[in-house]
2 protein chains.
Amino acid sequence: MREAMQEVAARPAGEARRGGAAGEHRRDAQSTRRLLLDAASELFAERGYERATVRDIAARAGVNQALLFRYFGSKKALFGEVMARGGHEQLRSTPAERLFDVALRGMLAEGRGPGADRSLEVCLRSIGGSDEIAEALRGLGDEYAEVLATLSRAEDGALRGDLALSWLLGIGLMRVVVGKEPLASADPNTVSRLVGEALGSLLEGLPKTE
Amino acid sequence: MREAMQEVAARPAGEARRGGAAGEHRRDAQSTRRLLLDAASELFAERGYERATVRDIAARAGVNQALLFRYFGSKKALFGEVMARGGHEQLRSTPAERLFDVALRGMLAEGRGPGADRSLEVCLRSIGGSDEIAEALRGLGDEYAEVLATLSRAEDGALRGDLALSWLLGIGLMRVVVGKEPLASADPNTVSRLVGEALGSLLEGLPKTE
DNA sequence: TACCGTTGTAAGCAGGTGCTTACACAAGGG
DNA sequence: CCCTTGTGTAAGCACCTGCTTACAACGGTA
C-alpha cells in the first residue's frame, strides 16, 4: 500500500539506474555510493528518518539495498553522512545578519533544485524519531543558534538566538510539514517582512527592513 | 532492548493494575477504558504517536492489549479519543488575549500533574507520523490559530495568527523535544517576556507587559 | 445448580523493518 | 586458463508492528 514499492525489482542487470543521462556506468562503487546518498537525501527530506525505509532509498537509487549496508554500514550512519554532507554550506557562506532571512526563505521556497539544502526540512520531519536522531539534529541546531546569538548584544544573546531559531523551525513546521493555511500559501516576502519586524526587538543586529 | 517490555506479563489475575490505591476493581469495563486512555495519553505525550506502541500502552495500563482493540477499535481511534478528551478545555477556558501566554507557559512548565493538557506536546512528538495524524493535528492547530488571529486588526490577521502559533510550537519543539540549551533550562518568565515583546508588533491585541 | 453474557487472557497472524548471507557476475593478473 | 578481488543480486533472518482469535474466568440470573 505504499506509493512506489518495488518497481525497479525485475531488471536484467544494472542497465539504467537513474536518469540514465550522464551515469551509464556499470560497476562503480563511488557512483553508486553517491546515488544512494542522493536518494537518501531526498527521501529523508520527504518523509523523515523513520518513514524513509532502506528499501525505498535503495529502490530510488536503482540499487540493491544490500549495497546500502556495504557502503554505509547502517541506516543511521547513512543519515549521518546525509546530514554532514550538504548541511553546513549555507551556514558558512551566509553572513550572520542575513542567515535568518536566507534560511527562512530557503524553507518557504517550494520548487527547489536537486542540490538545495533541505537539512532543516529533514530535521523537522525526523523529530519524532529515536533519541540518537534528536541528538544529531541538536548539533545542527546548535550551529545555527550560535550564529544567530551573535546578532544580539544582550547578555542573554544565546537565549535570544534559540528563540529566533525556534521561530524559524516552527514556521517550517507549520508550513512545510503540517501545511497550515493561510501560512502554507502565503507570499514569502510577506512572511519574511512580518517576522523580520517582530524579531527586530529580539535581535537588534538584524537588518532593519528586509 | 526497549525500556520496559513486558514486566506486567506473568501476573496471576487482575490483582493490582496501577497504583492500587482507589481502583482495586476486578472486572469493570469503564475503569479499564479509562486506564487505557490515561496510559495512552501519557505515552503519546512522551514518545509521539508512532513510537508509543499498543503493547506499551496496554502494559502501562496493566491491561491486556486485546482490550485496547475491544474498547477502541484501533490505535488511531484511541489517539483520536485522547486528543478529543483533554484537548480543548484550555482553548475554551482562556480569553484570547491570554491564550498565547497560557499555552506557552503550559509548555514551558515541566512538572505537570497527571491531568495537565499535553496536547501540544503530543502534536510535536507525532509530527513525523502518518498523514492522517498530521491532518488530525492540523485540526487543533486551526483552533488555536483562529483564536490568535482575533488579536490583530490587520487584514492578514489569520497569517499573523499562524506565525504566532508557529513560534509557540517552535519553542516547544526546541525546548521539550530537542532539549536545546540554553532554551531548555531558561526561566519561563524570561522566555515569556522576550517573546511577548517581540510579538507586540505582530498582534497588537496582546497585553503590553506580561 | 445450570446457564450465559461480559470481561480478561494467551497465542498467533500477516506484514513491515533493518540487516545478513550465500551466491552470480565482471575484470584483472599470474 | 584459473584464481582473486571487487561489485551487484536474491533470498532470508530475527524482530517488531497493529490487530485477531480461540478460550478461560468471573458474576449475575433463572
Between [X] ([atom1]) and [N] ([atom2]), how many Å, whole number?
{"X": "B/Q65", "N": "C/dG8", "atom1": "CD", "atom2": "C1'", "value": "13 Å"}
{"X": "B/D28", "N": "C/dG8", "atom1": "CG", "atom2": "P", "value": "8 Å"}
{"X": "B/F79", "N": "D/dG18", "atom1": "CZ", "atom2": "C1'", "value": "16 Å"}
{"X": "B/F72", "N": "C/dT7", "atom1": "CZ", "atom2": "C1'", "value": "15 Å"}
{"X": "B/K76", "N": "D/dT17", "atom1": "NZ", "atom2": "P", "value": "16 Å"}
{"X": "A/R70", "N": "D/dT9", "atom1": "CZ", "atom2": "P", "value": "10 Å"}
{"X": "A/I133", "N": "C/dG18", "atom1": "CD1", "atom2": "P", "value": "12 Å"}
{"X": "B/K75", "N": "D/dC16", "atom1": "NZ", "atom2": "P", "value": "15 Å"}

Counting heavy atoms from C-beta on, name the nucleotide in [options] closest to the side chain of [X].
{"X": "B/F69", "options": "C/dC19, D/dT9, D/dG18", "answer": "D/dG18"}
{"X": "A/S74", "options": "D/dT9, D/dT17, C/dC19", "answer": "C/dC19"}
{"X": "B/L67", "options": "C/dA10, C/dG8, C/dC19", "answer": "C/dG8"}

Considering just the side-chain nitrogens and oxygens of B/T32, establish if one lies under 4.0 Å of OP1 or OP2 belonging to C/dG8. yes
Any A/Y71 side-chain N or O less than 4.0 Å from OP1/OP2 of D/dG8: yes
Got a donor-acceptor pair under 3.5 Å from the side chain of B/R27 to the base of D/dA25? yes
Any N/O donor-acceptor pair, B/R55 side-chain to D/dC16 base, under 3.5 Å: no
Answer yes or no: is there an ion pair linking [X] with [Y], defined by an N-O contact shorter than 4.0 Å?
{"X": "A/R60", "Y": "A/D56", "answer": "no"}
{"X": "B/R34", "Y": "B/D38", "answer": "no"}
{"X": "A/R138", "Y": "A/D131", "answer": "no"}

Bending between helix ends of the helix from C/dT1-D/dA30 to C/dG30-D/dC1 [5 pairs per end, 10° resolution]: 40°
So, is the end of the A/K76 side chain (NZ or CZ) under 6.0 Å from the ring centre of A/Y49 and within 45° of the ring's axis? no
Assert: residue with more 5' nearest nucleotide on DNA chain C, out of A/V54 and A/A66, is A/V54
Ring-plane angle category for A/F79 and A/F44, please: parallel below 30°, perpendicular beyond 60°, tilted otherwise. perpendicular
Just one of A/L67, A/L37, A/V82, A/V54 clears the side-chain contact (heavy atoms from CB on, under 4.5 Å) bar with A/F72, so which one? A/L37
How about A/E143: does its CD atom have over 12 heavy atoms from other parts shown lying under 6.0 Å from it? yes
Give one of base, sugar-phosphate or nothing for A/A29, where a contact means two heavy atoms less than 4.0 Å apart. sugar-phosphate
